Colleague: 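The structure's right below; bear with me while I get my questions together.
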Amino acid sequence: MDDGPGHAGQEQDGEPDDGPGRAGQGQDGEPDGAPAPRPAARPARRRGRPARSAEAGPGTREQILAAARAEFAERGYDRTSVRGIAKAAGVDAALVHHYFGTKEQVFGAAIELTFAPALTMPDVIAGGGADVGERMARFMFGIWENQVTRQPLLAIMRSALTNETAAAVLRGLVARQMLQRVAGELTVPEPEFRAQLAAGQLIGIALLRYVIRMEPMASAEPEQIIAMVAPALQRYLTEA
């Protein structure tokens with residue numbers, strides 16, 4: 001039977017005619033409707049490690065610490081965040097976690113630096129003597145009367161008064177780095193209690209004078225305060 005130039009379903013050369021490609025396949029030989037290959041997934045970032053674009057450089061830790069001190073001083077503990085510290089330091093937040101860990105740990109590092117001048121008190125009272133109370137008072141008021149050292153200390157005190165986490169960090173630092181060492185210099189009964197009594201006297205005065213600014217304490221001359229508080233400190237530190 002004559003079906004024309006070629007049989008149905010065949011081209012003139014006798015090969016089956018499936019059009020541009022075989023049925024069910026595209027021109028590249030892949031099945032019709034096959035999904036396009038997905039791009040290779042990027043390797044997951046390891047938690048706690050900064051991305052390559054945020055790698056640390058020389059002085060990065062100190063830069064973050066300086067920004068943290070400024071943020072805590074300006075905003076207090078509650079309103080300061082790791083993200084805010086990172087922004088102020090000009091680094092990725094991952095670097096803050098990398099160097100310090102949590103916000104609480106950043107705060108601990110920041111206040112230890114702020115309290116560094118006060119932490120040398122044990123050296124000031126070493127050896128005791130008849131004027132040890134006066135030496136302690138002069139040392140502490142020398143720090144409080146200095147504008148540069150006073151402002152960061154005030155910020156820490158305000159944070160500790162309003163936030164229990166901040167108070168716990170400060171309590172641990174003062175007990176470990178200062179009061180225990182002061183107690184170690186004393187030769188009286190209950191030395192840790194005596195050291196706390198002396199510290200409480202000075203902190204209470206600082207709170208009234210510099211934070212609450214209660215008169216006449218706020219405007220009294222430092223020498224007047226030292227003259228009146230030194231005998232009380234002397235009694236705490238030396239009398240059995």
Side-chain angles (χ1 to χ4, degrees), residues 44-123 140 143-144 146-184 192-193 195-200 202-208 210-212:
R45 280 180 57 183
R46 295 171 61 186
R47 185 175 178 82
R49 304 287 292 182
R52 287 188 179 276
S53 61
E55 288 290 347
T60 301
R61 187 182 189 281
E62 291 72 20
Q63 181 180 343
I64 294 171
L65 195 53
R69 291 180 68 195
E71 288 291 298
F72 285 123
E74 180 181 350
R75 301 174 183 277
Y77 185 86
D78 285 329
R79 294 191 298 129
T80 297
S81 66
V82 170
R83 188 183 298 274
I85 292 169
K87 182 178 180 181
V91 301
D92 192 288
L95 278 175
V96 181
H97 290 295
H98 175 66
Y99 280 111
F100 298 100
T102 64
K103 171 182 166 180
E104 180 180 338
Q105 291 169 313
V106 182
F107 182 71
I111 67 171
E112 185 165 358
L113 184 61
T114 299
F115 258 80
L119 296 180
T120 61
M121 181 190 286
D123 301 325
M140 289 306 298
I143 293 172
W144 281 108
N146 186 327
Q147 179 78 9
V148 174
T149 51
R150 180 170 70 237
Q151 291 306 318
L153 288 173
L154 287 175
I156 292 171
M157 287 184 66
R158 292 189 184 103
S159 292
L161 289 171
T162 58
N163 184 279
E164 176 53 34
T165 300
V169 174
L170 178 59
R171 186 164 56 242
L173 174 68
V174 171
R176 183 180 64 256
Q177 298 281 15
M178 187 167 67
L179 294 184
Q180 288 179 4
R181 293 175 56 210
V182 168
E192 290 188 6
F193 183 50
Q196 289 182 10
L197 285 171
L202 293 170
I203 292 171
I205 293 172
L207 188 63
L208 287 175
Y210 304 108
V211 179
I212 301 175

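The model shown is predicted, which means the values in this text are computed figures rather than measured ones.
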Colleague: Taking C-beta and beyond as the side chain, do I203 and M157 meet within less than 4.5 Å on heavy atoms?
Modeller: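 The answer is yes; the side chains approach within 4.5 Å.
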
Colleague: Got a second to check how far I156's CD1 is from R158's CZ, nearest 0.5 Å?
Modeller: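 Output value for this atom pair is 11.5 Å.
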
Colleague: Answer yes or no on whether K103 is positioned over the face of F72, meaning its NZ or CZ is under 6.0 Å from the six-membered ring centre and within 45° of the axis.
Modeller: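 The answer is no, since K103 fails at least one limit relative to F72.
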
Colleague: What's the spacing between E62 CD and Y99 OH if we round to 0.5 Å?
Modeller: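 Nearest 0.5 Å value for the CD-OH distance: 8.0 Å.
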
Colleague: Can you find a pair of side-chain heavy atoms, one from E192 and one from L179, that are under 4.5 Å apart?
Modeller: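 The answer is no, as the side chains (C-beta and beyond) never meet within the 4.5 Å cut-off.
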
Colleague: Mind listing the closest non-hydrogen atom pair of S159 and Y77 along with its distance?
Modeller: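 Of all heavy-atom pairs spanning S159 and Y77, the closest is OG-N, 3.1 Å.
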
Colleague: L207 versus L161: any side-chain heavy-atom pair under 4.5 Å?
Modeller: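 When only atoms from C-beta onward are counted, L161 and L207 do touch, with a gap below 4.5 Å.
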
Colleague: Could you report the tightest heavy-atom contact between V96 and A86, atom names first, then the distance?
Modeller: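 Result for this residue pair: CG2-CB, 3.8 Å.
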
Colleague: Please tell me whether Q177 and E112 have a donor and an acceptor in their side chains that are separated by less than 3.5 angstrom.
Modeller: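 Looking only at side-chain atoms, E112 and Q177 do form a donor-acceptor pair, the distance falling under 3.5 Å.
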
Colleague: How far apart are the closest heavy atoms of A195 and A183, and which atoms are they?
Modeller: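 Where A195 meets A183 most closely, the heavy atoms are CB-N, 4.2 Å.
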
Colleague: What's the spacing between L95 CG and T60 OG1 if we round to 0.5 Å?
Modeller: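 Answer for the CG-OG1 pair, L95 versus T60, is 6.5 Å.
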
Colleague: State, to 0.1 Å, how close M178 and P122 come at their nearest heavy-atom pair, and which atoms those are.
Modeller: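 Heavy atoms only, the tightest pair is O-CG, 3.9 Å.
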
Colleague: What residues, two or more places apart in sequence or in another chain, satisfy side-chain contact (heavy atoms from CB on, under 4.5 Å) together with S81?
Modeller: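 S81: side-chain contact (heavy atoms from CB on, under 4.5 Å) contacts with R83.
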
Colleague: Please tell me if the side chains of L170 and F115 come closer than 4.5 Å, counting only heavy atoms from C-beta onward.
Modeller: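 Counting from C-beta outward, L170 and F115 do come under 4.5 Å.
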
Colleague: Do F100 and R61 come close enough that some side-chain heavy atom pair is under 4.5 Å?
Modeller: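 Contact flag for F100/R61 side chains = yes.
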
Colleague: Decide, yes or no, whether a salt bridge links R171 with E164 under the criterion of side-chain N to carboxylate O below 4.0 Å.
Modeller: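 Salt bridge present between R171 and E164.
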
Colleague: Out of curiosity, Q151 CD to E74 CD, how far, rounded to the nearest 0.5 Å?
Modeller: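 Q151 CD to E74 CD: 12.5 Å, rounded to 0.5 Å.
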
Colleague: Which heavy-atom pair separates A155 from A73 by the least distance, and what is that distance?
Modeller: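 Closest approach of A155 to A73, heavy atoms only: CB-CA, 3.3 Å.
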
Colleague: side-chain contact (heavy atoms from CB on, under 4.5 Å) for D123 and R181? Distances and angles first, verdict last.
Modeller: CA-CA 9 Å; D123 301 325; R181 293 175 56 210; 3.8 Å; yes

Colleague: With sequence neighbours left out, what residues match R150 under side-chain contact (heavy atoms from CB on, under 4.5 Å)?
Modeller: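 Here the qualifying residues are W144, Q147, L154, Y210.
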
Colleague: Taking atom CG of L202 and atom CE of M121, what is their separation to the nearest 0.5 Å?
Modeller: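 So the gap between those two atoms works out to 6.0 Å.
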
Colleague: Check T114 against P152 and note the closest heavy-atom contact, atom names and distance.
Modeller: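 Closest pair (atom of T114, atom of P152, distance): CG2-CB, 3.3 Å.
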
Colleague: Say whether, by atom type as modelled, one donor and one acceptor occur between the side chain of T149 and the main chain of I143 under 3.5 angstrom.
Modeller: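 Side chain of T149 to backbone of I143: a pair is present.
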
Colleague: Quick one: does E71's side chain have a donor or acceptor within less than 3.5 Å of a partner on I85's backbone?
Modeller: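 It does not hold such a pair.
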
